[in-house]
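Contents: one structure, followed by commentary.
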Amino acid sequence: EASEPEALDESELAVEGALRPGSLDEFVGQHKVRGQLQLLLQAARIQQRPSDHILLSGPPGLGKTTLAMIVAHESERPLRLSSGPAIQHAGDLAALLSSLTPGEVLFIDEVHRMARSAEEMLYLAMEDFRIDIMVGKGAGATSIPLDLAPFTLVGATTRAGLLPNPLRDRFGFTAHLEYYEVAELEQVVERSAAMLGIRLPAAGRAEIARRSRGTPRIANRLLRRVRDYSVVHGGDLDVATVSAALDLYDVDEIGLDRLDRAVLEALVRRFRGGPVGLNTLAVTAGEEPETIESVVEPYLVRIGFMGRTPRGRIAMPEAYAHLGVPHPDGALR
Ligand code: ATP
């Protein structure tokens with residue numbers, strides 16, 4: 001299959017943006033986090049002050065960016081978007097922070113990937129809305145204090161454990177986003193299908209939800225691929241059509257993608273069920289260790305296919321069953 005042209009990618013992004021829920025009420029699932037955020041924002045509104053800093057952690061595509069946008073929207077404040085990799089020097093952060101308007105919401109995606117020097121500047125900024133700017137070099141260097149407008153930082157990270165403690169401690173509210181239930185993903189797909197004008201029977205909807213890896217972004221993406229399939233091949237979006245489309249895109253019957261399966265295959269076949277270290281596993285599957293650890297592993301652990309032990313990753317019996325490999329029961333492990 002030919003790869004998609006650039007222009008199409010952009011419109012895909014635009015579609016993804018259009019499907020974002022705009023308020024906490026429209027945000028599906030994550031009931032606990034939603035309730036906690038609601039209270040946090042309401043208190044700030046009553047006291048007419050910016051809300052405490054918020055840290056959102058969890059695998060990609062579960063709604064961290066969406067929640068940051070909702071925080072800004074619900075507190076009727078402007079939103080500034082940035083990301084850790086874009087902040088490579090303390091100066092980058094100083095420029096960003098000093099340009100914020102009072103009460104602005106600053107979203108920093110992948111906040112664990114900021115430069116160390118910027119991280120230290122951020123501690124003071126979060127706590128006292130103040131930074132020290134270093135001017136000059138060597139013996140003549142001085143620091144000039146600069147007051148900032150109060151702001152709300154919303155930080156996102158795939159794993160809160162990646163953040164240094166002093167940074168993590170400065171967030172007044174920390175939420176971990178969990179993978180979504182199939183019923184919740186059905187709601188996401190239903191809402192998106194309605195917005196995109198796609199007629200999708202309940203059974204087709206359920207099939208997409210079941211194969212979305214617990215992730216709304218994937219649910220929306222699969223919905224669009226299924227729609228493409230029906231545009232070309234015609235017919236109702238029943239279970240058979242949905243399955244045929246998803247098979248074509250290498251999404252297996254329980255929603256695992258090619259990388260998930262590469263990791264499982266390596267673990268079960270190559271390393272006979274482990275334990276095997278993360279780096280070895282990553283090299284064998286041909287992917288970065290960080291991607292394995294924050295994208296692949298959390299889901300395989302969550303569905304009970306993989307276990308983490310102090311000596312490394314191990315395959316669970318369910319993983320053998322899924323790959324159709326006999327489990328070495330009774331063998332010495
Ligand atoms: P990343 O960290 O990779 O940016 P993310 O966790 O920030 O991922 P989002 O970009 O917020 O994920 O969400 C991806 C898409 O999934 C959005 O376009 C949105 O349409 C949809 N989505 C996410 N969460 C929900 C939800 N709770 N209800 C409905 N749709 C959602």
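The chain is numbered in sequence order, starting from 1. Everything numeric here is computed off the predicted structure, so don't read it as measured data. Every number for a ligand or one of its atoms is a count from 1 in the order of the listing.
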Knowing that exactly one of Met306, Glu287, Glu297, Arg258 qualifies, which makes a side-chain contact (heavy atoms from CB on, under 4.5 Å) with Val263?
Met306
Is it the case that atom CZ in Arg270 sees more than 12 heavy atoms from other parts of the structure closer than 6.0 Å?
no
Step by step, would you call Leu41 with Val71 a side-chain contact (heavy atoms from CB on, under 4.5 Å)?
CA-CA 7 Å; Leu41 297 180; Val71 164; 4.0 Å; yes
Counting neighbours of CD on Glu26 that are heavy atoms of other residues, nucleotides or ligands and sit closer than 6.0 Å, is the number greater than 12?
yes
May I ask you to decide whether Arg211 forms a salt bridge with Glu207, counting only side-chain N to carboxylate O separations under 4.0 Å?
yes
What residues come within 4.0 Å of ligand 1, counting heavy atoms only?
Glu16, Leu19, Arg20, Pro21, Phe27, Val28, Pro60, Gly61, Leu62, Gly63, Lys64, Thr65, Thr66, Asp109, Tyr180, Val188, Pro216, Arg217, Asn220
Heavy-atom count check: over 12 atoms from other residues, nucleotides or ligands less than 6.0 Å from Arg302 CZ?
yes
